[in-house]
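What's counted below: heavy atoms across the whole structure, side chains too, no hydrogens, waters or symmetry copies. Nothing here was measured: the structure is a model prediction, and the numbers come from that model.
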Amino acid sequence: MKTIPRYLEAAIATADGTFMALYSSKGLVGLNFPARRGTTKPGAAGAVPEVIRKWHSTTSVALKRALTGKSPRELPPLDVSSGTNFQQAVWRELCRLKTGETCSYGELARRIGRPNAGRAVGGACGANLIPVLIPCHRVLAANQKPGGFSGGLDWKRKLLEREGVAIQ
DNA sequence: TCCAATATTATGC
DNA sequence: GCATAATATTGGA
């Protein structure tokens with residue numbers, strides 16, 4: 001699962017910056033937080049297949065809604081083939097969380113049938129390539145402690161706050 | 001195959 | 001509260 005064939009990158013401009021979406025032939029593979037400086041320019045949009053343009057449109061809308069604390073109406077197909085079985089199980093479970101709902105790593109582990117794999121769940125969340133759309137930010141540690149976040153704890157706090165979730 | 005690292009959790013001081 | 005041990009999964013030597 002290291003083989004990264006060839007992905008297509010497309011930019012999504014939001015009020016919080018320009019996100020970078022990564023697509024494969026199967027669907028959305030990854031989503032990156034806005035890079036500090038001059039993000040790589042939106043590549044040649046002309047070479048983008050029709051399907052991906054549609055996905056990108058859906059992704060764009062879903063992302064913007066998610067950023068404002070609302071649940072996306074529609075998600076593009078997610079290509080999670082880059083993750084292990086365990087990770088995919090975790091991500092699938094994450095997608096079940098509704099806006100404003102939170103869950104602990106331990107509880108999440110329990111839901112996927114690995115009651116003691118809380119730590120591994122943390123690892124799976126950290127390996128999540130599609131933050132925001134796969135709500136890894138809604139996962140807190142046991143005592144409602146913040147835990148961590150790939151794109152920076154700052155984002156986690158901001159996202160949760162917009163969904164009406166207060167964290168210590 | 002083994003070793004080290006982790007966005008955890010439960011327990012003991 | 002802080003330090004320590006236990007546990008699951010992953011990635012690399």
side-chain N/O A:Arg114 vs C:dT9 OP1/OP2, d < 4.0 Å: yes
Neighbour count >12 (heavy atoms, 6.0 Å) for atom CZ, A:Arg162: yes
Touch class at under 4.0 angstrom, heavy-atom based, for A:Ala117 against every strand present: sugar-phosphate
salt_bridge(A:Glu50, A:Lys54) N-O dist < 4.0 Å: no
Sidechain-backbone polar pair: A:Thr68 side chain, A:Lys64 backbone, donor-acceptor under 3.5 Å: yes
Stem segments of DNA chain B by first residue number [Watson-Crick or G-U, under 3.5 Å, at least 3]: B:1-6 with C:8-13, B:8-13 with C:1-6
Parallel, tilted or perpendicular: rings of A:His56 and A:Tyr23 (30°, 60°): perpendicular
Touch class at under 4.0 angstrom, heavy-atom based, for A:Gly123 against every strand present: nothing
Listed nucleotide nearest any side-chain atom of A:Cys125, set B:dT9, C:dT10, B:dA7: B:dA7
Whole-Å distance separating the CD atom of A:Gln144 from the C1' atom of B:dT8: 15 Å
Any A:Ser150 side-chain N or O less than 4.0 Å from OP1/OP2 of B:dA7: no
Sugar-phosphate only, base, or nothing, as touched by A:Phe86 at under 4.0 Å among non-hydrogen atoms: sugar-phosphate
Heavy-atom neighbours of A:Arg65 CZ exceed 12 at 6.0 Å: yes
d(CD1, A:Ile112; C1', C:dT9) in whole Å: 10 Å
Length of the NZ-C1' vector between A:Lys145 and C:dG1, whole Å: 10 Å
Lys/Arg N to Asp/Glu carboxylate O, A:Glu161 vs A:Lys158, below 4.0 Å: no
Touch class at under 4.0 angstrom, heavy-atom based, for A:Gly148 against every strand present: base
Listed nucleotide nearest any side-chain atom of A:Asn116, set B:dT9, C:dG11, C:dT7: C:dT7
Atom-to-atom span, CD1 of A:Ile130 to C1' of B:dA7 - whole angstrom: 18 Å
Rounded interatomic separation in angstrom, taking CZ from A:Arg110 and P from B:dT8: 20 Å
Ring-ring centroid check A:Phe149 A:Trp155, cutoff 6.0 Å: no
A:Arg119, nearest nucleotide to its side chain (from C:dT10, B:dA7, C:dT7): C:dT7
Gap between atoms CG and P, on A:Leu108 and C:dT7 respectively (whole Å): 21 Å
Rounded interatomic separation in angstrom, taking CD from A:Gln87 and C1' from C:dG11: 11 Å
Side chain of A:Cys136 (C-beta onward), nearest among C:dT10, B:dT6, B:dA7: B:dA7
